[in-house]
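Below are the structure tokens for one structure; questions will follow.
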Amino acid sequence: MNTTLAQARPFPYALDLARAALVVIDMQRDFIEAGGFGASLGNDVTRLQAIVPTVLAVLQAWRRAGGWVVHTREAHRPDLADCPPAKRLRGRPALRIGDRGPMGRLLVAGEPGAEIVPALAPLAGELVIDKPGKGGFHATPLQAELARRGIAQLVLMGVTTEVCVQTTMREANDRGYDCLLVEDGTESYFPEFKAATLAMITAQGAIVGWTAGAAELISVLPR
Ligand code: TIU
């Protein structure tokens, strides 16, 4: 199915659903719920909770249209062998990666906090990528999995806009994917950083990619 998001910024985005993947970045309890990694850094997680219904609406419309879905999680091995000390020791958080919090060990695969929020749980047939970095491509099989399915376009949602989402989008852009970020399907702990990210992505003739609203994306998907 080919369609066009006429209202996309900075200009219309031609979507080929058969060659596109919806990539939902790090919608994990650790970033979205109290007591997780995001909260340990001093952030107000309620900003991120607010986008769950929009992310779900796009996810459901994409699934109904027969589109393929990838979910990422920022999740380390229990022995933290894939967590560089530079990452673990950065800053002065209340709890560090691997420390035990109310939802288990922070950002460790298999712990409750590392799971995707229940409303957005992956379905059978959807790809789940655990990534040790901010970008979805670094030290993961994501590129090979996309290539295996002939994917050329990525539609992105998730958190946080200027950290894992933007990093993944830039990695994807450098690898030749045409990327579109769903404006109200992403959020940051810092509203000004979200606004700046959307602006810098679309500036200079879509130097990193496109953005569009969830309603327009849903409206062009087959029901
Ligand atoms: N802290 C912050 O804004 N984000 C992260 O640490 N990871 C993701 O964005 N997933």
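Whatever order the structure lists ligands and atoms in, that order sets their numbers, starting from 1. Excluded from the calculations below are hydrogen atoms, water molecules and symmetry mates; all remaining heavy atoms, backbone and side chain alike, are included.
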Candidate list Val23, Leu22, Ile25, Thr186, test side-chain contact (heavy atoms from CB on, under 4.5 Å), partner Met157, passing option: Leu22

Residues Glu74, Lys87: salt bridge by 4.0 Å N-O rule: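 Looking at Glu74 and Lys87, the cut-off is met.
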
Side-chain donor or acceptor of Trp68 paired with backbone N/O of Glu126 under 3.5 Å: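 Here the side-chain-to-backbone pair does not exist.
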
Ala81 backbone acceptor or donor facing Asp79 side chain under 3.5 Å: yes

Amino acids in close contact with ligand 1, where any non-hydrogen atom sits under 4.0 angstrom away: Asp26, Phe31, Phe37, Leu41, Glu74, Lys134, Val159, Thr160, Val163, Cys164, Tyr189

Qualifying residues under ring pair (Phe, Tyr, Trp, His ring centres under 6.0 Å), relative to Phe190, sequence neighbours excluded: Phe193

Residues Arg77, Asp130: salt bridge by 4.0 Å N-O rule: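 Salt bridge: no.
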
